[in-house]
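Order of appearance sets the numbers: ligands from 1, and atoms from 1 within every ligand. Atoms considered below: every heavy atom in the structure, side chains included; atoms not considered: hydrogens, waters and symmetry mates. This structure is a prediction, so every number in the text was calculated from the model and none was measured.
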Amino acid sequence: MGVQTIEEQAWAALEKTVIYYQNKPVGTVAALDPDSDALNYDQCFIRDFISAGLLFLIKGKPEIVRNFLEETLKLQPKTGQLDCSKPSRGLMPASFKIETINGREYVRADFGDHAIGRVAPADACLWWIFLLRAYAIATEDMELVHRSDFQEGIRVILELCLVTRFDMYPMVLVPDAASMIDRRMGLYGHPLDIQSLFYVSLRASLELLLPNQSNQRIIQAVQARLEPLTTQLREDYWLDTERLNEIYRYRVEEYGEGALNQFNIFSDSIPFYKLAKWLPEAGGYLAGNLGPSQLDCRFFAIGNLMAIISSLADEEQSHKILNVIELRWSDLVSHMPMKLCYPALEDADWRIVTGADPKNRPWSYHNGGSWPVLLWMLTAAARKMGRAELAHHAIAVAERRLVHDQWPEYYDAPDARLIGKESRKYQTWTMTGYLLAKELIADPSHLKLITFSYGGVL
Ligand code: GLC
């Protein structure tokens, strides 16, 4: 037998991660590291499975995706309750595992009731809708999507997200640590990563919901939400030189409907001089969070890349985001694509905002660490905008290390030169992120599974 290519090695490792329920493949474990304590890495995380699911669809293996969608749908509570010890109606679990008790198999879900920090998985249901749409496009199996349990599943997710709460913003309000960044990181409120996925799931659900009596009300609500959500994100989260100038000279304490500085952002809270120096003239990006007197200027990769993929960012904005990645390559990519969040919180900020979390110390893990899984989103975003050279470059950087380092979960240090301090090896989404990036660059027609068109919304 000849020497295996990087891709063959990744496929061989990936096949071992598949988990079975009643003899059917239903998902993949988060990591299969022989040298580390499993903790909850022996579970199938909804968010971790997305890149695996897309890859299986592209490779003509839709059964595992179908089984995953069906089994996770069964875990979703369908009835409303006022009991905080039960997961809310519409919520999807962060993860699940198969347990065998007295010879019988059970699917056991974690809705944040077991998770470290008891964090809420707000992103899981949004990713689920995204994968369902990809499944429908890849297989043209609309029968599954149109089944009443699937239509109900979509509906209850949307109801959970669209429900009016205390605020009157179009964005969805979530607790801190409610997404891939599942530890305290100052993302309470309206973090971009969640808003981008919220936008994705609204766009996707308009394609998936049948225009019938039971769906009429929710379809109208989705349509009514998309426009203000898009405007708020494109305008108020946007940061480029022009916007920085506006914010710098903002009036404060404005009262009433006509206020320009709606969120009463105080100029002194923005690191203008650092930011003006860092942000290239040709660049721009969506800020990390927005709320009362809060504009979090950190760059978050998932929110920005998914904004390009979904057309939440318009064409000009999408190019500007990619310009930032290209022109600030040594900060955002360097030795491994790419930073989950930039820059890191340091010193007092780290202590106060993360709760002095040692796993999230500066330039590690979620706090300025680099995650190879993001390679597929970077590749998709770059390819969509006709900038394949960026994707090729990023893939080449990743390829130099991933196999040798045994597919680490994340990398540390400002230039991503160190394998993450507590990083798992043979992390599944590191492998699938890489394999998916290779598929997307080899045959860009696969982009149709994940991208959305411009227009039709505004
Ligand atoms: C960590 C990550 C989370 C991921 C999980 C499994 O908890 O923060 O995003 O889903 O590991 O890989």
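The distance from ligand 1 to the heavy atoms of Asp48 drops below 4.0 Å at these ligand atoms: 4 (C), 6 (C), 10 (O), 12 (O). Atom numbering of ligand 1 starts at 1 in the shown order; those under 4.0 Å from a heavy atom of Ala30 are 6 (C), 12 (O). Less than 4.0 angstrom separates some heavy atom of Tyr41 from each of these atoms of ligand 1: 1 (C), 11 (O), 12 (O). Heavy-atom proximity to Met180, at under 4.0 Å, picks out these atoms of ligand 1: 2 (C), 3 (C), 8 (O), 9 (O). Shown in contact with Glu409 at under 4.0 Å from a heavy atom are these atoms of ligand 1, numbered in order with element: 11 (O).
With a 4.0 Å heavy-atom cut-off, ligand 1 is reached by no atom of Tyr410. Heavy atoms of Arg47 found under 4.0 angstrom from ligand 1 belong exclusively to the side chain.
Ligand 1 lies out of reach of Arg183, whose nearest heavy atom is not under 4.0 Å from it.
Checking only distances, Gln427 does come within under 3.5 Å of ligand 1, N or O to N or O. Residue His366 places at least one N or O, backbone or side chain, under 3.5 Å from an N or O of ligand 1.
Scanning the protein for heavy atoms near atom 7 (O) of ligand 1, the closest one is Asp182 OD2, 2.8 Å. Nearest protein heavy-atom neighbour of atom 1 (C) of ligand 1: Tyr365 OH, 3.2 Å.
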Item to check | Candidate pair Leu436 and His446, rule side chain to side chain contact (heavy atoms under 4.5 Å, CB included), full reasoning | outcome: CA-CA 10 Å; Leu436 181 55; His446 297 312; over 6 Å; no
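The side-chain heavy atoms of His366 and Asp182, taken from C-beta on, include a pair separated by under 4.5 Å.
Checked against a 6.0 Å centroid threshold, the rings of Tyr169 and Phe263 count as neighbours.
At distances below 3.5 Å, at least one donor-acceptor pair connects side-chain atoms of Thr430 with backbone N or O atoms of Pro408.
The SG atom of Cys125 sits 12.0 Å away from the CD1 atom of Ile154 when rounded to the nearest 0.5 Å.
Look at Lys320 and Asp240 and you find a salt bridge, because one of the NZ, NE, NH1 or NH2 atoms lies within 4.0 Å of a carboxylate O, short of that distance.
Looking only at atom types and distance, the side chain of Ser370 has a donor-acceptor partner in the side chain of Lys339 under 3.5 Å away. No hydrogens or angles considered: a donor-acceptor pair under 3.5 Å links the side chains of His319 and Arg387.
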